[in-house]
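Worksheet: one structure, shown below.
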Amino acid sequence: MAKEIIDGQTMTRALTRITYEIIERNKGIEDLVLVGIKTRGVFVAHRIESRLKQLENISIPVAELDITPYRDDKDDQHDTGDVKASPLDFDITNKHVILTDDVLYTGRTIRAAMDALMSSGRPKKISLAVLVDRGHRELPIRADFVGKNIPTSQREKIRVFMKEIDGEDKVEIE
């Protein structure tokens, strides 16, 4: 049984708070770019960029990152061919990349995303912004910007719904 733990208004506030933190920690944002992990991380990135535009009247590049070829849990373990993700829309070399995703759990998705980023260029810095941090890390990865910390058990699932793909904004735990 699913229980709503974040409604649309709370989600908007969390993303606004993340945006303010990004502004505060980055004196000048000329080297700043947002890269969203497909699928919902892309929407998180676009919403942060939209709030930056509203608050600071600046626009920064946003790209989407497909990490599928870099995952370590693929069924196709015997395929050791060259791994190549889709190229980003812009060069990330010497840029401060803010990687965005909806939920941070074991850290494996983020590790795969960093591998994909590094194959696209050499960023000056990578920061991580997530809507929900649910704990249970398997790798030494932590988010720099967190919308909401939601401690969970391993048996529970977090489901993020976003208007762009699901028709409404909310987060549920089941």
Return all side-chain donor-acceptor pairs below 3.5 angstrom for residues 44-52, not counting sequence neighbours, or 'none' if the list is empty.
| from | atom 1 | to | atom 2 | distance (Å) |
| --- | --- | --- | --- | --- |
| Arg47 | NE | Glu164 | OE2 | 3.0 |
| Arg47 | NH1 | Asp169 | OD1 | 3.4 |
| Arg47 | NH1 | Asp169 | OD2 | 3.0 |
| Arg47 | NH2 | Glu164 | OE1 | 2.7 |
| Arg47 | NH2 | Glu164 | OE2 | 3.4 |
| Arg47 | NH2 | Asp169 | OD1 | 2.8 |
| Arg47 | NH2 | Asp169 | OD2 | 3.4 |
| Glu49 | OE2 | Ser59 | OG | 2.9 |
| Arg51 | NE | Thr16 | OG1 | 3.1 |
| Arg51 | NH1 | Gln54 | OE1 | 2.2 |

Heavy-atom pair with the smallest gap, counting every atom of [X] and [Y]:
X: Ala63; Y: Leu88; answer: CB-CD2, 4.0 Å
X: Gly107; Y: Ile141; answer: O-CD1, 3.2 Å
X: Ala129; Y: Ile18; answer: CB-CG2, 4.1 Å
X: Gly36; Y: Thr100; answer: CA-OG1, 3.1 Å
X: Ala116; Y: Leu65; answer: CB-CD1, 3.8 Å
X: Met11; Y: Ile6; answer: N-CG2, 3.6 Å

Whether the [X] and [Y] side chains hold a donor-acceptor pair (N or O, under 3.5 Å, no angle test) is what I'd like checked.
X: Ser119; Y: Tyr70; value: yes
X: His96; Y: Ser127; value: yes
X: Arg134; Y: Thr152; value: yes

Quick check for you: to the nearest 0.5 Å, what is the distance between [X] atom [atom1] and [Y] atom [atom2]?
X: Lys148; Y: Leu15; atom1: NZ; atom2: CG; result: 13.0 Å
X: Asp7; Y: Glu168; atom1: CG; atom2: CD; result: 10.5 Å
X: Asp102; Y: Arg159; atom1: CG; atom2: CZ; result: 11.5 Å
X: Phe145; Y: Leu128; atom1: CZ; atom2: CG; result: 9.5 Å
X: Thr10; Y: Arg17; atom1: OG1; atom2: CZ; result: 9.5 Å
X: Leu99; Y: Leu117; atom1: CG; atom2: CG; result: 5.5 Å

Tell me whether [X] shares a hydrophobic cluster with [Y], the cluster being built from Ile, Leu, Val, Met, Phe, Trp, Tyr side chains joined at under 4.5 Å.
X: Phe161; Y: Val42; value: no
X: Ile58; Y: Val33; value: no
X: Ile110; Y: Ile67; value: yes
X: Met162; Y: Tyr105; value: no
X: Ile29; Y: Ile92; value: no

Original post:
Around atom CZ of Arg25, are there more than 12 heavy atoms of other residues, nucleotides or ligands at under 6.0 Å?
Top reply: yes
Subject >> Crowding at CZ, Phe90 (>12 non-hydrogen neighbours, <6.0 Å) >> reply: yes
Original post:
With Asn94, which residues qualify under side-chain hydrogen bond (donor to acceptor under 3.5 Å, both in side chains), at least two apart?
Top reply: none
**OP:** Answer yes or no: is there a donor N or O on one side and an acceptor on the other, between the side chain of Arg71 and the main chain of Ala112, under 3.5 Å?
**Re:** no
Original post:
Judged by atom type as modelled, is there a donor-acceptor pair below 3.5 Å linking the side chain of Glu56 to the main-chain atoms of Lys53?
Top reply: no
Sub-4.5 Å side-chain heavy-atom contact between [X] and [Y]:
X: Leu55; Y: Ile23; value: yes
X: Thr19; Y: Glu21; value: no
X: Asp101; Y: Thr109; value: yes
X: Ile60; Y: Leu34; value: yes

Original post:
When Ile150 is tested against each of Val103, Val132, Asp133 for side-chain contact (heavy atoms from CB on, under 4.5 Å), which residue passes?
Top reply: Val132
Between [X] and [Y], does at least one N-O distance fall below 4.0 Å, as a salt bridge requires?
X: Asp31; Y: Lys124; value: yes
X: Lys157; Y: Glu174; value: no
X: Asp73; Y: Arg108; value: no
X: Arg40; Y: Asp166; value: yes

Original post:
Which is it for Glu64 and Phe43 under the side-chain contact (heavy atoms from CB on, under 4.5 Å) test, yes or no, and what are the steps along the way?
Top reply: CA-CA 9 Å; Glu64 58 183 59; Phe43 302 128; over 6 Å; no
